[in-house]
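Beneath this line is the structure, given in structure tokens, with notes to follow.
In this text the structure is predicted, and so the values were computed from the model without any measurement.
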Amino acid sequence: MSEIFPNAELSGVDILPTLLEKTKTDFLALQRPCPTLYLGDIVSGEGLPKMKFDMVFFNGVVGIFDDLQKPLEHFCSLIAPNGVGYIWGVFNPFPLDVFVKSRAVGATHLESGWNIHSQASLRIMLKNLGYNAVFYDDFEIGIDLPQSDDYLRTWTFKLENGKRAIINGLGIIHSFVLVEVRSDCT
């Protein structure tokens, strides 16, 4: 973002202090000014900035949540009037919300975090919050990602048409979508 918008005042939020520290380290290594960072929780709203922003990004974590209502309320609360939000994630084009749990062989604990909410549900929730959603679902990955020993990490494989698909050890094909979110008052 700092390359695309070199004069922008960047901010970032995460619930994990280690990821905020990594952000600081990465910006220092690049010799760039570090964004203002907040230790915050998108579900409870605790620690989130009180100000509103011209652009807000919610990247790759939507599938963690079984219930999107509170995360979406807090995400939208950060968007300035005439601002725009972007959500990057995997969304089902069919009107079904999919909730995924997994357990490694021999483990007793169920893991979650790969839910696939439907585009229809997201659109309805955002509409109820006073926002419109536009879905851009034409993402094609242009590189090969090798399979690793961590089955939960994604990798690619070639389809018959030559395009790549993204999959993980859960057997889930990841159809990434960018969602543009704007107030329906603008």
Side-chain angles (χ1 to χ4, degrees), residues 1-80 83-91 98-117 122 139 141 143-156 166-172 174-179 181:
M1 294 302 299
S2 62
E3 288 180 19
I4 297 169
F5 302 106
N7 297 321
E9 293 180 32
L10 300 178
S11 298
V13 178
D14 206 291
I15 195 166
L16 297 174
T18 53
L19 291 180
L20 296 175
E21 285 302 319
K22 179 163 180 13
T23 300
K24 289 178 190 174
T25 302
D26 289 351
F27 271 83
L28 283 172
L30 294 170
Q31 298 180 341
R32 294 216 168 109
C34 188
T36 303
L37 300 175
Y38 298 88
L39 182 62
D41 182 342
I42 196 72
V43 176
S44 71
E46 289 182 38
L48 296 181
K50 302 299 180 209
M51 69 212 50
K52 295 186 180 284
F53 300 89
D54 295 330
M55 288 181 138
V56 179
F57 295 87
F58 194 17
N59 290 330
V61 295
V62 170
I64 293 170
F65 307 109
D66 287 346
D67 183 354
L68 287 182
Q69 189 61 43
K70 286 297 180 186
L72 287 176
E73 285 176 18
H74 294 126
F75 166 75
C76 289
S77 76
L78 297 170
I79 302 171
V84 61
Y86 293 100
I87 302 171
W88 175 254
V90 178
F91 293 97
V98 180
F99 299 95
V100 179
K101 306 284 185 222
S102 72
R103 179 175 49 222
V105 172
T108 57
H109 178 71
L110 283 173
E111 296 284 339
S112 60
W114 301 274
N115 295 326
I116 306 169
H117 298 278
L122 184 65
F139 173 74
I141 190 165
I143 59 172
D144 292 319
L145 299 175
Q147 185 175 350
S148 76
D149 291 336
D150 181 352
Y151 299 116
L152 297 178
R153 304 296 298 173
T154 55
W155 66 88
T156 56
I166 304 169
I167 193 167
N168 65 10
L170 300 173
I172 297 172
H174 291 64
S175 300
F176 285 97
V177 175
L178 179 67
V179 186
V181 178

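- Residue Cys34 holds its SG atom at 9.0 Å from CG of Leu20, rounded to the nearest 0.5 Å.
- Between the CG atom of Leu48 and the OG atom of Ser77 there is a distance of 6.5 Å, given to the nearest 0.5 Å.
- In this structure, CD1 in Ile79 is found 11.0 Å from CE in Met55, a value given to the nearest 0.5 Å.
- Using a 4.5 Å cut-off on side-chain heavy atoms (C-beta onward), Pro17 and Leu39 make contact.
- Of all non-hydrogen atoms in His74 and Ile42, the two that sit nearest each other are ND1-O, 2.7 Å.
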Self-check item: Leu122 and Leu72: CA distance, side-chain angles, deciding distance, side chain to side chain contact (heavy atoms under 4.5 Å, CB included) verdict
Solution: CA-CA 9 Å; Leu122 184 65; Leu72 287 176; 3.5 Å; yes

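- Residues Val43 and Phe65 form a side-chain contact, since some pair of their non-hydrogen atoms from C-beta on lies under 4.5 Å apart.
- In this structure, the side chains of Ile87 and Leu178 stay at 4.5 Å or more apart for every pair of heavy atoms.
- Ring centroids of Trp88 and Phe176 are separated by less than 6.0 Å, placing the two rings close together.
- A salt bridge does not link Asp14 with Lys22: every distance from a Lys NZ or Arg NE/NH1/NH2 to an Asp or Glu carboxylate oxygen is 4.0 Å or more.
- Nearest approach of Cys76 to Val181, heavy atoms of both residues: SG-CG1, 4.4 Å.
- You'll find the side chain of Val84 stays beyond 4.5 Å of the side chain of Asp54, heavy atoms only.
- Proximity of the aromatic rings of Phe91 and His174 is defined here by a centroid distance below 6.0 angstrom, and this criterion is not met.
- Classification of the Tyr86-Phe57 ring pair by plane angle, with boundaries at 30° and 60°, yields parallel.
- No side-chain heavy atom of Asn115 sits less than 4.5 Å from a side-chain heavy atom of Val62.
- The nearest pair of heavy atoms linking His109 to Arg103 is O-CG, 3.6 Å.
- Counting heavy atoms from C-beta on, the side chains of Pro71 and Phe58 come closer than 4.5 Å.
- How far CH2 of Trp155 is from CG of Asp150: 9.5 Å, rounded to the nearest 0.5 Å.
- Crowding of Phe139 atom CZ: a count of heavy atoms from other residues, nucleotides or ligands under 6.0 Å exceeding 12.
- Residues Lys24 and Leu37 share a closest heavy-atom pair of CG-CD1, 3.7 Å.
- Nearest approach of Met51 to Leu78, heavy atoms of both residues: O-CD2, 3.9 Å.
- Using a 4.5 Å heavy-atom cutoff, the side chains of His117 and Leu68 are in contact.
- When each of Leu170, Ile166, Ile167, Ile172 is checked for a side-chain contact (heavy atoms from CB on, under 4.5 Å) with Thr154, only Ile166 meets the rule.
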Evaluation steps, salt bridge (Lys or Arg N to Asp or Glu O under 4.0 Å), between Asp41 and Lys70:
CA-CA 10 Å; Asp41 182 342; Lys70 286 297 180 186; over 6 Å; no

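- Two residues are said to be in side-chain contact when any heavy atoms from C-beta on lie closer than 4.5 Å; Trp114 and Lys101 fail this criterion.
- Shown here is Arg153, whose CZ atom has no more than 12 heavy atoms of other residues, nucleotides or ligands within 6.0 Å.
- Within a 6.0 Å sphere centred on CG of Asp26, heavy atoms belonging to other residues, nucleotides or ligands number more than 12.
- Environment of CD in Gln147: crowded, with over 12 heavy atoms of neighbouring residues, nucleotides or ligands closer than 6.0 Å.
- Taking every heavy atom of both residues into account, Phe75 and Gly85 meet most closely at CZ-CA, 3.7 Å.
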